[in-house]
Every structure is written in C-alpha cells, then in structure tokens.
Number of protein chains: 2
Amino acid sequence: MRVVEEQPRTRDASATRARILAAAKSEFARLGLAGARVDEIAKRACANKRMIYHYFGGKEDLFRTVLVEAYLDIRSAEQDLELDHLPPREALERLVRFTWAYCLDNPEFITLVNSANLHRGKHLKESERLRSASRRFVSMVQEVLDRGVADGVFRPGIDPVQLNITIAAIGYYYLTNRFTGTILFERDFMNSKALESRLDFNIDTVMRLVLS
Amino acid sequence: MRVVEEQPRTRDASATRARILAAAKSEFARLGLAGARVDEIAKRACANKRMIYHYFGGKEDLFRTVLVEAYLDIRSAEQDLELDHLPPREALERLVRFTWAYCLDNPEFITLVNSANLHRGKHLKESERLRSASRRFVSMVQEVLDRGVADGVFRPGIDPVQLNITIAAIGYYYLTNRFTGTILFERDFMNSKALESRLDFNIDTVMRLVLS
DNA sequence: GCAAGAAGTAACTAACTGGTGCGCTACTGA
DNA sequence: TCAGTAGCGCACCAGTTAGTTACTTCTTGC
C-alpha cells in the first residue's frame, strides 16, 4: 500500500531526470541527434542545462539513454501481448496489428531508430539488457510458428527473425516514409481509410507468407 | 596511356558543380542534413565553400538538389528494367531483385530518403518532375500486374502502390536498420549468405502475395 | 539544529558554423 | 586585343553550440 504519496517537493531529482528524458526523446525524434539542441531540451524539460550534464553526462549519453529506453519500452509491450494464449493464426495477426499500432502511437520510436542507424548503431552496442529482451521476443515468435506448424496451419521452415523483420518492415517503412510517399504517390498516407487499407494489406501479406 | 581527355582546364564550372554535388551526397548521407558541414563538403569536393553558395544558394538548397537527383536516378534505373519485355512473374521478380540491389549498391539513397522524411518531405514538395517519374513507375507495375491477371498467374485486385511499398519496405528496412538489427538479433546482417537469404525470403514473400 | 551533500541556477567560454564581401584571374565574344 | 563576365579564393563575421565554472538553495541523516 502506498503511503502518503510524498509531499510536493520543490526539488525532485527523479522527476527532473524524467522530464529531461521525455524532452530529449521528443527533440531527438523531431530533429535527430545532430539537429537537436541541448539548450532546447533543457528549456522544454523546464530544467537547467547543467542538470543534463549532471544526470546524463552529455548529449551523446543522453541520446544513448533515450534510445535504450525506447527499445526496452517496445520489447516490454511485446511481452504483454501474451501470444502464447492465442491460437497461432490469431497470435500472428495480433503481432502484426500491434507492431503497426505501436509505430502509429509512438512516432518518435521510428525516427529514433533511424537516427541510431544513421550513427551505425554505436549508441546501442553495449546493452546486454536489450539483447536479452530481443532474444525473448524472437523465442516468442518462434514458439508461435512452432505451434502453427504443429497444428498444420503454418508451413515449416520459416525463420522467425526474417519474419519479424518483414512484419516490422511493412509497417515501419510505410510510416517512416509517409512524407515522401505522400508526395511521390500523390495520395494521403495518413487518413484513416489509407491506414486501414495498409494494415489489411500487411496482415494479408504476412498470412500468405506463413500459411501452409 | 591517357588520351587527350580534354585538356586540363583550370576552370570548369560543371565539373566543380558535379564534384560539390557528389561530395554533398556523400556527406548528407553519412551525417544527415543537420550533421553535415558545409566546410567539409567544400573540402571533399576540392572546391571553395563560396562555390556552394554560388551554385546552389545554401545548405538546404544543396540538400534539395542532392535529394531530387537521387530520386530521379532510381526512377531512371527502374525504367531501364524494361519489365514489359518479360512474363509477369519474371518481371516482378526482377523488380524485387533490382530494388534490393539498388539499395545495396547505393547506400546513400536510403539515408537520404530517411533524412528527407525526418524533415517531413519539405525538400521534395515542389518537384513535378519527380511526381511524373513516379507516376510512370506505378503504371509500369500496374501493367505487369494486369498482364499477370490476364495470364491467370496473379490474383486480381492488387493495388500497385501498396505492392511497391511492400517491395521497397522488405529490402529497405533490412538494410537501413542493419546496424541495430545486427546488435539486437546477434547475427551478421551483411555477409553474403545473410544477404542472399534475405533476398530469397523477399522474393518468396512477394510471390506468395501476388500469385493466384 | 546543523553539517554535508545533493539539486538547481546563471553567466561564461572556446570552438564552430552557415553565410558574405570583395578582389583576383582566366576565359570569351566582338 | 581587350573589356566584360563567370569561375574562384581569401578572410572574415555574427550567431550558435556543447560543455563548464562557480555559486546558491534545499533536504536529510544524525
């Protein structure tokens, strides 16, 4: 049982840290690592710039923290899907829907990942925590595939990593390139009908890929 | 033995312009719009910074030019595929292989497109030339689909734009996110065997999607 | 109640960055 | 031949940027 809440302190290290992190996430997502400004992050966090250096060390380290947290967030959300409680087909469809919805609801995630890769992944290299979370995720998908094969609904021999990449790709690409896509293909990528069509198309793509 | 070539002119506007454009493409691709440095571009182009402002107006305009040229290049290469000379299945497989190979051989293209979208496509907005090139491309794919349906090998009702997006996505995503992918999934994304597997997987994905 | 450390602030700096003013030089057309 | 122009280079600027120094203020354990 939570005792007293804790009275509104004028100083609150963890709250300040969290505000900085949120502001940084938003700014790095909006402008990239090079484009984001430390002063602006501090301003938006209603914190003094000095605090960024105090809590995170520097701009690059702040970016690293933001990035790792963003990845841990999605991995954690994936675990909550509880795919093992569903029949294989439904489980897979649920994963496709989730991946799509997550990118839609967390547009910063996409641009952060893009920035991370622009910098050749160097901000992610050390994180064992992330690697093990990813391992869990792959096993989860592997398990769905195995059950599907056992039930005779999925064809055997599908690599869960390739499948994951494809599921992410068909949603992620559409959303990250929505601006150039809208211009080049002269259609609105983001109205609700377009979004619905794309999701349907993606579910269809994945199902045709795995069904036996 | 070097033949005449064209005598080494001390001044060559179009050559200088081209060197700047090439250096800019490389730098913008490597570091993004905000990360690239005008001084560095000039240095790598063996040109004076002043020339960048003379030929292109400014950093943003230079980026716009680089971006439009990059898009025109891929659209032009797509037209050279001559898909209409091939049976529908072969035509489509050829397109998938081409898209993959193009991203592999022109890694700058991917990061330039990412940068363009980070800036919400604003550098592409005016280019009618690009829109019409894209229109031609979509018709080309539409025509392949139509022939496939007529031949009874493809199922009807497939949207060529959605198909294009998917073909691009499954290659592009793998390559643009190869750094984080390599780390998270603990496998080398770029050795020749991995690349071959991915291409096979992608061809399979697209074929299963369209075959009747 | 008080010392000590943690949270927070403001002003500063050294280096950098996009962009220019201006003059020099080679080519070209009449 | 020679004036005009386009290509080019130097040196500079004003604004910005990541990071720091030196300080004050609050909180907490004892």
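Throughout, a chain's letter reflects where its sequence line sits, starting with A, and its residues are numbered from 1.
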> Taking only side-chain N and O atoms of A:Thr16, does any of them lie within less than 4.0 angstrom of OP1 or OP2 on C:dA7?
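For C:dA7, neither OP1 nor OP2 has a side-chain N or O of A:Thr16 closer than 4.0 Å.
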
> When the distance from CG of A:Asp39 to P of D:dG15 is rounded to whole Å, what number comes out?
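Rounded to the whole Å, the gap is 16 Å.
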
> Take atom CG of B:Asn48 and atom P of C:dT25, then tell me their distance rounded to the nearest Å.
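Between P of C:dT25 and CG of B:Asn48: 15 Å.
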
> Within the structure shown, what part of the strands sits under 4.0 Å from A:Ala36 by heavy-atom distance: base, sugar-phosphate, or nothing?
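Sugar-phosphate contact only - A:Ala36 comes under 4.0 Å of backbone atoms but never of a base.
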
> Whole angstrom is fine here: how far is it from CD in B:Glu27 over to C1' in C:dT17?
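It works out to 15 Å between those atoms.
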
> May I have the distance from B:Ile41 (atom CD1) to C:dG19 (atom C1'), rounded to whole angstrom?
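Rounding to the nearest Å, CD1 of B:Ile41 and C1' of C:dG19 are 14 Å apart.
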
> Can you tell whether the side chains of A:Arg94 and A:Glu82 come within less than 4.0 Å, N to carboxylate O?
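No.
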
> More 5' along DNA chain D: A:Gly57 or A:Arg37, using each one's nearest nucleotide?
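This one resolves to A:Arg37.
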
> Does the pair B:Glu78/B:Arg136 count as a salt bridge with the N-to-O cut at 4.0 Å?
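So B:Glu78 does not pair with B:Arg136 through a salt bridge.
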
> Can you find a side-chain donor-acceptor pair between A:Asn114 and A:Tyr172 that sits under 3.5 Å?
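A donor-acceptor contact under 3.5 Å links the two side chains.
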
> Look at B:Tyr55 and D:dA6 and indicate whether a side-chain polar atom (N or O) is within less than 4.0 Å of OP1 or OP2.
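So the side chain of B:Tyr55 is outside the cut-off, no N or O lying under 4.0 Å from OP1 or OP2 of D:dA6.
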
> Expressed as a whole number of angstroms, how long is the span from A:Asp12:CG to C:dA6:C1'?
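Roughly 13 Å, once rounded to whole Å.
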
> Would you say the side chain of A:Lys49 and the base of D:dG19 hold a donor-acceptor pair, judged only by whether the two atoms sit under 3.5 Å apart?
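Checked by distance alone, the answer is yes.
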
> Of the nucleotides D:dA18, C:dG8, D:dG7, which has the atom closest to the A:Met51 side chain?
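Given the options D:dA18, C:dG8, D:dG7, the side chain of A:Met51 is closest to C:dG8.
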
> Counting just side-chain N and O atoms, does A:Tyr53 come under 4.0 Å of either OP1 or OP2 of D:dT21?
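Checking A:Tyr53 against D:dT21: no side-chain N or O falls below 4.0 Å of OP1 or OP2.
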
> Whole-Å distance between C:dG19 P and B:Phe56 CZ?
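Checked: the CZ to P distance equals 14 Å.
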
> Indicate the ring-plane relationship of A:His123 and A:His119, choosing parallel, tilted or perpendicular according to the 30° and 60° boundaries.
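Ring orientation, 0 to 90° scale: perpendicular.
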
> Taking only N and O in the side chain of A:Arg50, is any of them less than 4.0 Å away from OP1 or OP2 of C:dA10?
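For C:dA10, neither OP1 nor OP2 has a side-chain N or O of A:Arg50 closer than 4.0 Å.
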
> Could you state the atom-to-atom distance from NZ of A:Lys43 to P of D:dA18 in whole Å?
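Whole-Å distance recorded here is 14 Å.
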
> Separation of B:Glu60 atom CD from C:dT17 atom P, in whole Å?
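Taking CD of B:Glu60 and P of C:dT17, I get 16 Å after rounding.
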
> What class does the angle between the rings of A:Tyr174 and A:Trp100 fall in, given that below 30° is parallel, 30 to 60° is tilted and above 60° is perpendicular?
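It falls in the tilted class, 30° to 60°.
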
